Amino acid sequence: MRFMIEAEGISKVYQDGTEALREVCFEVPEGESCSIIGPSGCGKTSLLFIFSGILKPTSGKALIEGKEVASPSREVALILQDYGLFPWKTVYENVSLGLELRGYGKKERQEIVLPLLDDLDLKDFANHYPKQLSGGMQQRVGFARALALNPEILVMDEPLSSLDALTRETLQNFLLALWKNKGLTMLLVTHNIEEAVFLGREIIVLSPRPGRVVKIVKNHNVGEVNYRNTEDFFDKCREVRQSIEDGAT
Amino acid sequence: MPRSETEHRRWSYLIAGLLLIVLWQAISVLLNSIALPTPLTVFYAFIAGLKDDLLSHLLVSAARVGYGIVLALSLAVPLGLISYKKGADKIITPFIYLLYPIPHIVLLPLIILLFGIGDLSKVILIAIIVFFQILVTTRDAARNISTNYIYSLLSLGATDKDVYKHVVFPACLPKILTALRISIGTAIAVLFFVESFATRKGLGYLIMDSWSRMDYPDLYAAIVSMALLGFCLYVVLELVERKVCAWVYV
Ligand SMILES: Nc1ncnc2c1ncn2[C@@H]1O[C@H](COP(=O)(O)OP(=O)(O)OP(=O)(O)O)[C@@H](O)[C@H]1O
Ligand SMILES: [Mg+2]
C-alpha cells in the first residue's frame with residue numbers, strides 16, 4: 001500500500017510560544033479519505049497549512065507521496081471555508097487563477113475551466129462575483145478552483161461549515177462522489193461529527209491544544225450516500241464523540 | 001449600475017447645481033455689493049475669460065494638481081502595500097507617525113531651497129500632502145488583509161509578486177481610490193496656496209491678481225474654474241472606481 005499523506009511526528013510551536021501540535025503521526029493511503037476532528041484551537045488548520053507547504057513544522061516531517069513538503073505543490077489543493085475566493089475576481093477568474101499562476105495560456109485555461117464550471121452547474125455564473133452567489137455556490141466555486149489544477153490530494157479546512165444543513169448535505173454527497181469517481185486522496189477537517197463519519201474512511205481525533213492524536217477510528221463502511229441512515233453510522237458517530245470527550249479529559 | 005440610477009444621479013447633480021446658483025443669486029441681490037457679483041455677471045466674465053487666457057491658466061493648474069497626485073500615488077501606493085508584511089510595517093509605521101502630524105505646508109521653505117521656486121516645488125508640495133493621506137489609508141488597508149486570502153493564493157503556487165498582483169493591490173484599491181477622492185479637496189487647497197506666489201500662471205494666481213485689481217467678476221470666474229477642476233477630478237475618479245472596482249458595486 002502506497003501512502004499519499006504521512007505525518008511523521010509533526011510538532012508546531014509558533015514564534016510567540018504557542019504550542020499548536022505535538023508529535024502528530026498518521027498516514028493516508030492513496031485514494032483514501034481521512035477526516036480530522038478536534039476541539040477549536042487544537043491545531044487542525046495549522047496541520048493542513050503544513051501539508052499545503054505554507055507553514056513549516058517545528059519538528060517532524062510532512063510527507064506527500066513519500067517526499068517532504070517544502071513548498072506548495074500542484075498535487076495538493078487547499079480549500080478553505082471563507083476567504084478562499086477572491087471577492088475582486090469573477091467566478092471564472094477565481095477558478096482559472098491557479099492555472100494562470102502555473103503559467104497556462106488563456107486558451108488552455110478556457111479549455112479546462114469552462115467544462116469544469118459546466119460540471120459544477122456554475123456555467124451561467126462565470127461572470128458573477130462571489131458575493132452575488134449563495135454560500136453553497138461559492139463553495140462549489142472553491143471546489144472548482146481546487147479541481148482546475150487536477151490535483152491528486154484535496155486538503156479541506158471546514159469547507160462546509162458556513163452552509164445550511166440541506167446545502168451542506170448536498171455538498172457532502174458531492175464530495176463523496178468526487179472522492180469515489182476521481183480517485184482523489186482527501187484530508188478533511190471538520191467540526192461536525194456526522195460529516196467526519198460520512199466522509200472519512202478514517203477519523204483522526206485530536207486532543208485539545210497542543211493537538212495530539214487521541215484515536216484513529218476506522219470507518220470501513222463509508223462510501224455510500226445512504227450510509228447516513230445505517231445503524232453502523234450512528235455507532236461510529238458515538239465512538240467518535242466518546243473519543244473527543246476522552247481526549248478532553 | 002442600472003441605467004435609471006445613472007440618470008438619477010445626473011439629475012441630482014443638475015438640481016444641486018441649479019439650487020446653488022439660485023442661492024448665490026439671492027445672496028448677491030440681498031448683499032448688493034460689488035464683492036459678490038451675480039451668477040450671470042460671473043458667467044459673462046467666465047466666457048470672456050475663456051476667450052482670453054482663462055483656459056491656459058486652468059490647464060496649468062490642472063497639470064500641477066495632476067502631476068502632484070500621480071507623483072504621490074506612485075510613491076505612496078507601493079510603500080503602503082508592502083505593509084501587508086508585518087516586518088515591513090514595523091519599519092514604516094514609526095516614520096509615518098512621526099512625519100504625518102506635521103503640517104506639511106511648513107516644509108515650503110525647504111522645498112523651495114531644494115527644488116527652486118518653479119513648478120517643480122509646487123508639484124512636490126501638493127504631492128507630499130496627498131502622499132501622506134494615501135499612504136496612511138493604503139497601509140491600514142494592507143495591514144487588514146485577511147491572511148487567509150494570502151494563504152489561499154500561496155497554496156495555488158503564487159510568488160511574492162503574484163500576491164501583490166492578485167491579493168494585496170486589488171484588496172486595497174477601493175480604499176486607495178476613496179483616499180484619493182478625499183485628497184482632491186486638499187490638493188486643490190494646496191494648489192491655491194502654491195499658486196498665490198512666485199508665478200504668473202494658474203488659477204491661484206488669477207484669483208490673487210483679480211482680487212488685487214478688485215475685478216470681482218474675474219475673481220469669481222477663476223473660483224468657479226477651480227471648482228470645475230475639482231469636480232472634473234471627482235468625476236474622473238468615480239468613473240475609474242466604477243470600472244476597476246466593479247466588484248464593490250455589484
Ligand atoms: N500565526 C500564529 N501565531 C501564533 N499562534 C497561532 C498562529 N496561528 C495559530 N495560532 C494558534 O495556534 C493554535 C492552533 O491554531 P489553529 O488555527 O491551527 O487551530 P484550529 O484547530 O484550526 O482551530 P479552529 O477549530 O478554531 O479552526 C491556536 O491556539 C492559535 O491561536
Ligand atoms: Mg481552523
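Everything numeric here is computed off the predicted structure, so don't read it as measured data. Note on naming: letters A, B, ... go to the chains in the order of the sequence lines (proteins, then strands), and numbering restarts at 1 for each one.
- Within a 6.0 Å radius of OH in B:Tyr97, no more than 12 heavy atoms belonging to other residues, nucleotides or ligands are found.
- Chosen from A:Leu97, A:Leu149, A:Val76, the residue pairing most often with chain B at heavy-atom distances under 4.5 Å is A:Leu97.
- Atom CZ of A:Phe26 has more than 12 heavy atoms from other residues, nucleotides or ligands within 6.0 Å.
- If you take CD1 on A:Ile79 and OG on B:Ser152, they are separated by 9.5 Å, rounding to the nearest 0.5 Å.
- With a 4.5 angstrom heavy-atom cutoff, B:Val248 touches chain A only via backbone atoms.
- Scanning residues 131-139 of chain A against chain B with a 4.5 Å heavy-atom cutoff picks out A:Lys131, A:Gln132, ordered by number.
- Legend: side-chain hydrogen bond (donor to acceptor under 3.5 Å, both in side chains) pairs involving residues 182-192 of chain A, not counting sequence neighbours, sorted by first then second residue: A:Glu158-A:His191, A:Thr190-A:Glu195.
- In this structure, the separation between OH on B:Tyr151 and CG on A:Asp157 is 12.0 Å, given to the nearest 0.5 Å.
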Side chain to side chain contact (heavy atoms under 4.5 Å, CB included) for A:Leu101 and B:Thr159? Distances and angles first, verdict last. CA-CA 8 Å; A:Leu101 295 175; B:Thr159 60; over 6 Å; no
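- When each of A:Pro151, A:Pro130, A:Pro87 is scored by its heavy-atom pairs under 4.5 Å with chain B, the top score falls to A:Pro87.
- Side chain of A:Trp88 to backbone of B:Ala246: no donor-acceptor contact under 3.5 angstrom is found.
- Options B:Cys245, B:Pro174, B:Ala171, B:Ala158 differ in how many heavy-atom pairs under 4.5 Å they form with chain A, and the most are formed by B:Ala171.
- With a 6.0 Å radius and a threshold of 12 heavy atoms from other residues, nucleotides or ligands, A:Lys89 has its NZ atom above the threshold.
- Counting heavy-atom neighbours within 6.0 Å of B:Phe95 CZ, excluding the residue itself, gives a total of 12 or less.
- Note: B:Leu156 CG to A:Leu78 CG = 8.5 Å, rounded to the nearest 0.5 Å.
- Here OG of B:Ser155 is found 13.0 Å from CZ of A:Arg74. Values are rounded to the nearest 0.5 Å.
- There is no contact between B:Leu173 and chain A, counting heavy-atom distances below 4.5 Å.
- Annotation: the span from A:Glu93 atom CD to B:His166 atom NE2 amounts to 10.0 Å, rounded to 0.5 Å.
- Top candidate by heavy-atom pairs under 4.5 Å with chain B, chosen from A:Ala146, A:Ala77, A:Gly98, is A:Gly98.
- Residue-level contacts of residues 44-73 of chain A with chain B, in order of numbering, are A:Phe49, A:Ile54, A:Pro72; threshold 4.5 Å between heavy atoms.
- With sequence neighbours excluded, the residues forming a ring-ring contact (aromatic ring centres under 6.0 Å, His included) with B:Tyr164 are B:Tyr84, listed by chain and number.
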